[in-house]
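What follows is one structure encoded as structure tokens, with my remarks underneath.
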There are 2 protein chains.
Amino acid sequence: MSILPLIAHFESYIPLKETEKQLLEGRVTRRQIKRKQAILQEGFACRHYTFIVEGCFRMYAVDKKGTEHNLQFSAEQDWIADIGSFHAGRPSALFIEAIEPAVVLQIEKQDLYFLYTNIPKLDRIFKVIVENKYVELQNRVLQSISSTAQERYLTFLEQYPKLALRLPNTQIASYLGITPEFLSKIRKDIAS
Amino acid sequence: MSILPLIAHFESYIPLKETEKQLLEGRVTRRQIKRKQAILQEGFACRHYTFIVEGCFRMYAVDKKGTEHNLQFSAEQDWIADIGSFHAGRPSALFIEAIEPAVVLQIEKQDLYFLYTNIPKLDRIFKVIVENKYVELQNRVLQSISSTAQERYLTFLEQYPKLALRLPNTQIASYLGITPEFLSKIRKDIAS
DNA sequence: AAATAGGCTTAAACTAGTTTAAGCCCGACG
DNA sequence: CGTCGGGCTTAAACTAGTTTAAGCCTATTT
């Protein structure tokens, strides 16, 4: 069927045996997601690890004033989930929403745990995946405490050149932690 | 012998067999670190995963202007390492330095890889450890894009009440991404 | 005992980033 | 075809945070 992109993703870390690939079948669900459709809402536990086959998502929080803050964007061959909520089964404080029509492969908690036990190398694969994401996040924290908004914007453009074209600037501003008005000024300054 | 704190730490996740504990012996080195002594310096690859038995460390970067930026504090029962540099073997951009005299247990890359292969559950244990650290970091990113310096300071006090007493305010300011002068003002505002 | 250095505070002048408000453009939709 | 709403920009007034400079206190060195 259609979980090949996920198998390819895993095998970019460690090759799987045929029997292991077969275990994945039936534990993975393919879903189509519409633009602006949410796959996680504040107040609900995050029930899936979501692997993106096609499309683009954002993860965001809403503060007391109702302002949205984009924590993360994820696109093809990437994962998105509220890891804390997923494992603890606790209500999430976050939303995850499609920015574009998307195709995803989802694994539920019980299935993921089954897979961890029956395909031990998945523990290692996910360890490496999370380590890589940790390093990314650490660089972002470093930037946030040491760089100006303009520097952060330029880094964003370098790091996610494709994403920058696909996203409205308001979303980028929210990710950078600045107002759209100020991003507009930054863009003007850069252009001149 | 003296690696018991590390065994206890691992067993807080998953119990180990006697044979597995014995594998750890000889792959773990105990070291005493003096105040202000560095265990990682910019330009060198990070060669160890360091588990803190006693004491307190900070991880920081130095920018072009020579200003230090504290990325992370770690104390007892916690790990500290530049994960990216460690795995890639590439020169680190970071420093790790003891804030207080410390006792640590260190594992070198080749030994950690040996242990991953011979104690498969270590893959799972470290997966969970990194997941937890990822969630912490994500919360910090969220704060950095959505909260004022005062809110971030109050959160820091709540989250690390012990650390706040052990650290000079200049170090805390550097962690929060503000100047010591402004932290001083925040403290005055809070007190009144 | 004097000298030095680091950590904390205050304050005045400055700059980075926000807020409020308005105007423009374009695509969606009745 | 008009109008409605969202995304982008500009600008003026404001606020959060920095810079520079100075002073004070305590701990350490000489």
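Each chain gets a letter, A, B and so on, in the order its sequence line appears, and its residues count up from 1. Fair warning: this is a prediction, and the values are worked out from it, not measured in the lab.
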Reading 5' to 3' through nucleotides 17-24 of chain C, protein heavy-atom contacts under 4.0 Å coded B for base, S for sugar-phosphate only, - for none: BBBB----
Protein-to-nucleotide contact annotation, 5' to 3' order, nucleotides 23-30 of chain D [B base; S sugar-phosphate only; - none; under 4.0 Å, heavy atom]: --------
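Axis angle across the helix from C:dA1-D:dT30 to C:dG30-D:dC1, with five pairs used at each end and values rounded to 10°: 30°.
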Determine all donor-acceptor pairs shorter than 3.5 Å in which one atom belongs to a side chain in residues 172-179 of chain A; sequence neighbours excluded.
unit_1	atom_1	unit_2	atom_2	d
A:S174	OG	A:E68	O	3.3
A:S174	OG	A:N70	N	2.8
A:T179	OG1	A:F182	N	3.2

Donor-acceptor contacts, no H, no angles, side chain residues 38-48 of chain A, under 3.5 Å, sequence neighbours left out:
none

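Judged by the 6.0 Å and 45° rule, B:R27 forms a cation-pi pair with B:F114. A cation-pi contact, defined as under 6.0 Å to the ring centre and within 45° of the axis, links A:K127 to B:Y116.
What separates CG of B:D189 from P of D:dT15 is a distance of 15 Å, to the nearest Å. Distance CD1 (B:I190) to P (C:dC8): 15 Å, rounded to an integer number of Å. For the pair B:I99 CD1 and C:dG6 C1', the computed distance is 16 Å after rounding to whole Å. The nearest whole Å value for the distance from the CG atom in B:L176 to the P atom in D:dA16 is 17 Å. As a whole-Å value, the separation of A:K188 NZ from D:dT9 C1' is 9 Å. Remark: P of D:dG6 and CD of A:Q171 are 13 Å apart, rounded to the nearest angstrom. If you measure from atom CZ of A:R187 to atom P of D:dT10, you get 10 Å, rounded to the nearest angstrom.
A salt bridge is absent between A:E11 and A:K17; no separation between the charged side-chain nitrogens and carboxylate oxygens falls under 4.0 Å. Ionic pairing of B:E97 and B:R58 is present here: one or more N-O contacts between side-chain nitrogen and carboxylate oxygen are shorter than 4.0 angstrom. Between B:K21 and B:E18 a salt bridge is recorded (basic side-chain N to carboxylate O distance below 4.0 Å).
Remark: B:Q37 engages B:R31, B:I33, B:K34 in a side chain to side chain contact (heavy atoms under 4.5 Å, CB included) (not counting sequence neighbours).
Of all the heavy atoms in A:D82 and A:I96, the pair that sits closest is N-CD1, 4.2 Å.
Between B:F10 and B:F126, the ring centre distance stays below 6.0 Å.
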Derivation of the side-chain contact (heavy atoms from CB on, under 4.5 Å) call for A:F51 and A:V104: CA-CA 6 Å; A:F51 178 76; A:V104 300; over 6 Å; no
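As judged by a 4.0 angstrom heavy-atom cut-off over every strand, B:S184 is placed among the base-contacting residues.
Residue B:N169 places at least one side-chain N or O closer than 4.0 Å to OP1 or OP2 of C:dC8.
The listed nucleotides are C:dA11, D:dG7, C:dG7; the one nearest the side chain of A:P168 is D:dG7.
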